[in-house]
Every structure is written in structure tokens, then in C-alpha cells.
Amino acid sequence: MAEFQASGVDSGVVEQRLQRPGLHLRHWPAWLATQRADALARQLRAEVPWKQEAITLYGRRHLLPRLTCWMADPGCGYRYSGLENVLEPWSPAAAQLRQALQELSGWRFNSLLLNRYRDGRDAMGWHADDEPELNPAAPIASLSFGASRDFRLRPRPSPRASGPPPEGYGAATCAPFNVPLHNGDLLLMEAPTQLWWQHAVPRRLRLQQERLNLTFRVVG
Ligand SMILES: O=C(O)CCC(=O)C(=O)O
């Protein structure tokens with residue numbers, strides 16, 4: 001972390017905690033100073049093998065409305081929406097960020113989903129990151145670069161959790177809400193958030209700027 005702090009993590013960044021029944025978020029606005037975030041975004045654009053994947057839903061093929069890449073340690077495969085991600089090795093920028101986030105969180109992240117929203121037409125639908133490959137006790141660390149986007153959260157319409165719901169949890173008591181994510185922001189989604197809440201990045205049709213988002217995960 002020392003090397004990273006020297007090269008752009010602003011040590012004066014204030015952590016904000018967001019809590020709801022079944023939801024624990026830790027948000028560091030501008031965790032990366034602007035210049036450092038911009039330099040990393042340039043590096044990620046250049047060194048990541050971005051692809052536009054297609055998924056098949058009810059027999060029809062749909063291109064995902066964003067570019068993606070899955071980086072992971074060997075053996076950390078991952079499927080979502082029926083898509084088996086091709087596993088890429090860690091790029092230098094992603095490896096450097098992983099190291100800093102491991103030191104901050106105390107977790108060893110062995111995989112990373114990168115999303116590139118080319119403009120406001122690219123988006124991410126409602127979902128929870130609760131695939132069986134992921135360790136449900138581990139946090140998901142989300143880093144944002146470039147254009148600001150809304151990160152929406154809502155209680156899951158049908159929670160998959162086996163245990164009783166957290167006290168006060170329910171559609172009537174837990175209103176959907178928004179966390180605007182800006183360049184350099186870090187958001188840590190801690191357990192059991194994925195069991196009880198969904199998130200989405202809605203379209204913003206007038207937005208022309210690009211955004212990158214990296215979600216570091218623990219498979220296994
Ligand atoms: O782009 C974001 O902020 C969210 C990405 C996301 O939901 C995911 O990778 O599962």
C-alpha cells in the first residue's frame with residue numbers, strides 16, 4: 001500500500017458507511033486521486049483484451065450492452081447469464097490495484113470482472129453477485145473510472161437466502177436508493193448484501209463519456 005499511496009491513493013479520503021437491513025456498503029469517494037485514476041484508466045483501456053460477449057436468452061442471442069473481460073488466477077472460472085468467461089491473466093494495472101485492495105480489505109481477491117461502458121447507452125441490469133462459484137462471505141470491491149454513473153440498489157424481489165430475513169428487511173421498509181459513483185471511487189459490498197439486495201447501472205442516454213468499472217471477487 002505504501003507504494004500505492006505514494007502514487008495516487010489519497011490518504012485523506014473519508015470512508016462512508018451505508019447500512020440497510022441485509023446491506024453493508026463501505027464507500028470511499030475519490031479513493032484514487034484524479035490524476036492517478038485517469039492514468040490507470042488509460043492503462044486499462046490499452047492493456048485489457050476487451051470483448052463484447054453475447055448471451056442467449058429464450059433461444060435468442062443478445063450482445064451485452066458493454067465490453068467485458070474476466071481476469072483471474074488459474075482455476076477461478078466463473079459463469080453468469082449462461083456465459084462461461086474466458087479467463088485472462090492479470091494485467092499490470094489490475095494486479096497493482098488488486099494488491100492495494102487486498103491490503104485494505106484483508107481479503108485475497110483471486111478474480112476480477114472488468115466492465116467498460118462505452119457511453120450512457122451501455123448499462124448493467126438488475127442482478128446480485130451471488131453465483132455459486134463466489135465465496136458468499138467475501139466482499140466485492142468495486143472501483144470506478146471515468147464518467148460518473150448511478151449505482152442503484154433495491155431489495156431482491158425473491159431473496160435466495162435460506163435463513164430468516166434480517167430484522168426490518170422488506171420491500172415496504174427498504175426503499176431502493178442510489179449511490180452515484182465517480183472517477184476513482186471505491187465501493188466495498190460486504191456480506192450479506194448479495195443475498196438480500198440487487199444492484200444495477202441504468203442507461204443514461206444523454207451521456208457520451210466512457211466509464212470503466214472493476215469488481216474484484218473471491219472465487220471458492
Ligand atoms: O459498473 C458497476 O458499477 C457495477 C458492476 C456490476 O454490477 C458487476 O460487475 O456485477
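Note that ligands are numbered from 1 as they come in the structure, with each ligand's atoms numbered from 1 the same way.
Between Arg121 and Asp119, at least one side-chain N (NZ, or NE/NH1/NH2) sits under 4.0 Å from a carboxylate O, which counts as a salt bridge.
Each of the following atoms of ligand 1 lies closer than 4.0 Å to a heavy atom of His199: 6 (C), 7 (O), 10 (O). Below 4.0 Å from some heavy atom of Thr215 lie the following atoms of ligand 1, by number and element: 9 (O). Every atom of ligand 1 is numbered from 1 in the order shown, and the set under 4.0 Å from a heavy atom of Leu113 is 9 (O). The distance from ligand 1 to the heavy atoms of Tyr117 drops below 4.0 Å at these ligand atoms: 1 (O), 2 (C), 4 (C), 5 (C). Which parts of ligand 1 touch Phe151 is read off a 4.0 Å heavy-atom cut-off, strictly below it: atoms 3 (O), 4 (C). Each of the atoms 1 (O), 2 (C), 3 (O), 4 (C) of ligand 1 lies under 4.0 Å from some heavy atom of Val201. Near Asn213, with a cut-off below 4.0 Å to any heavy atom, the atoms of ligand 1 are 1 (O), 2 (C), 3 (O), 4 (C), 5 (C).
The shortest side-chain heavy-atom distance between Arg149 and Met124 does not fall under the 4.5 Å cut-off. At a threshold of 4.5 Å between non-hydrogen side-chain atoms, the residues Leu212 and Trp50 count as touching.
Contacts between Asn115 and ligand 1 below 4.0 angstrom, taking non-hydrogen atoms only, involve the side chain exclusively. Only the side chain of Asp129 comes within contact range of ligand 1, with a heavy atom under 4.0 Å; no backbone atom does. Neither the backbone nor the side chain of Arg149 has a heavy atom within less than 4.0 Å of ligand 1.
The single protein non-hydrogen atom nearest to atom 3 (O) of ligand 1 is Arg211 NH2, 2.8 Å, given as residue, atom name and distance. Considering only non-hydrogen protein atoms, atom 6 (C) of ligand 1 sits nearest to Met124 CE, 3.4 Å.
If you chain together hydrophobic residues whose side chains sit under 4.5 Å apart, Leu57 and Leu64 fall into the same group.
Atom CH2 in Trp126 sits 9.5 Å away from atom CH2 in Trp197 (nearest 0.5 Å).
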- Task: Show your reasoning for whether side chain to side chain donor-acceptor pair (under 3.5 Å) applies to Glu15 and His27.
- Result: CA-CA 6 Å; Glu15 176 190 346; His27 182 201; over 6 Å; no

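Considering Arg98, Arg217, Met71 in turn, Arg217 is the only one that fulfils the side-chain contact (heavy atoms from CB on, under 4.5 Å) rule with Ser111.
Note on ligand 1: His127 sits in its first shell, one or more heavy atoms being nearer than 4.0 Å.
Ligand 1 has an N or O atom lying under 3.5 Å from an N or O atom of Arg217, backbone or side chain.
When atom types are taken as modelled, the side chain of Glu47 and the backbone of Ala93 share a donor-acceptor pair closer than 3.5 angstrom. Proximity of a side-chain donor or acceptor of Asp185 to a complementary backbone N or O of Leu181 within less than 3.5 Å is not detected.
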